Amino acid sequence: MTVRWGLIGASTIARQFMIGAVRAEGGEVAAVMSSSADRAASYAKENGIPAAFSTLDAILGADIDAVYISTTNELHLEQSLAAAKAGKHVLCEKPLALTSADARKIVAACKAAGVVMGTNHHLRNAGAHRAMREAIASGRIGKPIAARVFHSVYLPENLQGWRISKPEAGGGVVLDITVHDADTLRFVLGSDPVEVSAFTQSAGMAAGGLEDGAMCIWRFRSGVIAQSHEGFTTRFAGTGFEVHGSEGSLFGRDVMTQKPVGSVTLRTASGEEELTFDRGDLYARSLGLFHKAIDGEGAPSATGEDGVWSLASAEAALQSARTGRAVAVDPKLGEIA
Ligand code: NDP
């Protein structure tokens with residue numbers, strides 16, 4: 001069956017990555033919705049999408065099987081709940097909502113409706129991160145002890161809008177990037193965070209009280225401690241992901257990105273080894289697994305519950321930055337009916 005997708009949000013991420021990913025995985029981009037009828041029409045034309053709508057009811061009433069939600073963050077809750085109610089499968093962008101309590105509502109609604117729900121955490125689909133996860137799980141670094149995540153970038157000018165000016169739209173680097181780091185740490189380490197301590201800053205780009213830089217220290221259930229650095233304002237920092245264990249260290253370089261690039265080096269007593277890994281498109285893999293889940297096979301690469309975890313982690317980081325104390329991370333998954 002060809003999955004017919006409706007795009008909720010005439011966004012940059014859909015245009016740059018997700019439309020191509022849907023098509024690469026045999027899906028059809030059947031419709032797009034924007035809050036502006038003109039934008040919907042021009043976006044549809046530019047991207048070869050047959051139908052354009054300017055209301056949620058209209059796109060949910062169209063002949064589509066699934067929605068990909070990539071509007072600004074404050075809209076994800078209402079749009080996901082409506083899509084689930086209309087019986088559409090839901091692939092939603094991170095953060096799933098502005099609070100983890102709202103994210104749990106989305107997951108519960110999708111469960112009740114019997115539709116597949118996924119969170120678009122692309123980094124789990126990167127060959128580099130999967131190679132690191134496998135190396136750790138197969139004991140190649142011995143007992144994991146510590147991790148370091150370098151994910152401070154320069155926000156491209158075309159994206160310097162709501163992310164740095166609108167708290168009400170869920171702006172700020174923590175909801176934008178820390179959610180990804182929390183998810184990737186959980187995925188690579190195979191363990192959940194239990195507490196976080198964070199400092200945030202406004203280093204000159206963000207306004208309205210929003211943060212454009214964050215440093216977090218995490219403690220995981222396994223005993224691993226980790227540090228992560230997220231930012232919008234550093235042009236030359238580069239990205240990386242390291243995990244250090246009793247018998248070896250993994251160095252991922254240039255791997256906190258949307259493209260299947262970068263390198264992973266394993267250093268042990270025997271020397272250094274470059275790990276080889278799958279260089280496939282991250283977003284296409286996410287789509288492929290989502291399509292399989294619709295067919296009843298497996299689960300999306302990041303589920304709704306994973307999205308609750310990452311948002312609960314980011315929420316705890318923000319609370320820590322506000323209060324100056326370490327904060328427990330608790331996704332309260334048991335509250336999902
Ligand atoms: P954009 O700013 O490109 O799009 C968000 C919304 O802004 C759109 O839905 C659109 O509203 C409106 N908009 C976009 N361009 C214009 C314009 N030129 N004029 C007027 N309005 C415009 O956001 P992103 O694509 O960067 O992010 C969207 C979502 O995706 C966020 O939730 C973000 O966190 C997530 N994201 C995830 C990534 C990942 O790798 N997983 C990467 C990047 C973003 P309307 O639809 O009403 O027209």
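In what follows, every heavy atom counts, from backbone to side chain, and hydrogens, waters and symmetry copies are set aside. Both ligands and their constituent atoms are indexed starting at 1 by order of listing. Source: prediction; values computed, not measured.
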Just need the protein heavy atom nearest to [atom], so name the residue and atom and give the distance.
| atom | answer |
| --- | --- |
| atom 14 (C) of ligand 1 | Arg39 NH2, 3.3 Å |
| atom 46 (O) of ligand 1 | Ala10 N, 2.8 Å |
| atom 25 (O) of ligand 1 | Ile13 N, 2.9 Å |
| atom 28 (C) of ligand 1 | Ser70 O, 3.1 Å |

task: Check whether the ring centres of His129 and Phe187 lie less than 6.0 Å apart, and answer yes or no.
output: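 No, they do not, as the ring centres are separated by 6.0 Å or more.
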query: Taking the six-membered ring for Trp, are the ring centroids of His229 and Phe199 within less than 6.0 Å of each other?
result: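 No, they do not, as the ring centres are separated by 6.0 Å or more.
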- prompt: Is atom CD of Glu78 surrounded by more than 12 heavy atoms (other residues, nucleotides or ligands) closer than 6.0 Å?
  reply: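 It does not: Glu78 CD has 12 such atoms or fewer within range.
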- prompt: Linking I/L/V/M/F/W/Y whenever any side-chain heavy atoms sit under 4.5 Å apart, do Val174 and Tyr154 land together?
  reply: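 Yes, Val174 and Tyr154 fall within the same hydrophobic cluster.
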Whether the side chain of [X] engages the backbone of [Y] through a donor-acceptor N/O pair (distance < 3.5 Å, no angle test) should be reported.
| X | Y | result |
| --- | --- | --- |
| Thr200 | Glu211 | no |
| Asp212 | Met205 | yes |
| Lys143 | Gly245 | no |

Heavy-atom nearest neighbour of [atom] within options [options]:
| atom | options | answer |
| --- | --- | --- |
| atom 6 (C) of ligand 1 | Leu123, Leu155, Thr72, Asp183 | Thr72 |
| atom 1 (P) of ligand 1 | Thr12, Leu7, Ile8, Thr71 | Thr12 |
| atom 44 (C) of ligand 1 | Glu93, Gln258, Arg163 | Arg163 |

query: If we ignore angles and hydrogens, is there a donor and acceptor under 3.5 Å between the side chains of His89 and Trp5?
result: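 Looking only at side-chain atoms, Trp5 and His89 do not form any donor-acceptor pair under 3.5 Å.
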query: Would Thr265 and Glu274 count as having a side-chain donor-acceptor pair, cut-off 3.5 Å?
result: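 The criterion, which ignores hydrogens and geometry beyond distance, is satisfied for Glu274 and Thr265.
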field: Under-4.0 Å salt bridge between Glu305 and Lys111
entry: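 Lys111 and Glu305: salt-bridged.
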task: Salt-bridge test for Asp281 and Lys259: reply yes if a basic N is under 4.0 Å from a carboxylate O, no otherwise.
output: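 Salt bridge between Asp281 and Lys259, a charged N being under 4.0 Å from a carboxylate O: no.
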For [X], take its heavy atoms, then give the atoms of ligand 1 lying under 4.0 Å from any of them.
| X | result |
| --- | --- |
| His122 | 39 (C), 40 (O), 41 (N) |
| Asn73 | 31 (C), 32 (O), 34 (O) |
| Asp176 | 34 (O) |
| Tyr283 | 39 (C), 40 (O) |
| Ser35 | 45 (P), 47 (O), 48 (O) |
| His180 | 39 (C), 41 (N) |
| Gly9 | 9 (O), 46 (O) |
| Ser34 | 45 (P), 46 (O), 47 (O), 48 (O) |

- request: Select one of side chain, backbone, both or neither to describe which atoms of Trp162 lie under 4.0 Å from any atom of ligand 1, heavy atoms only.
  value: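 The part of Trp162 near ligand 1 is the side chain, not the backbone.
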message: Yes or no: does His76 have any heavy atom under 4.0 Å from an atom of ligand 1?
response: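 Yes; His76 lies near enough to ligand 1 that a heavy-atom distance drops under 4.0 Å.
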query: Should Leu159 be counted as touching ligand 1, given the test is an N or O pair under 3.5 Å?
result: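 In fact, backbone or side chain, Leu159 has no N or O that close.
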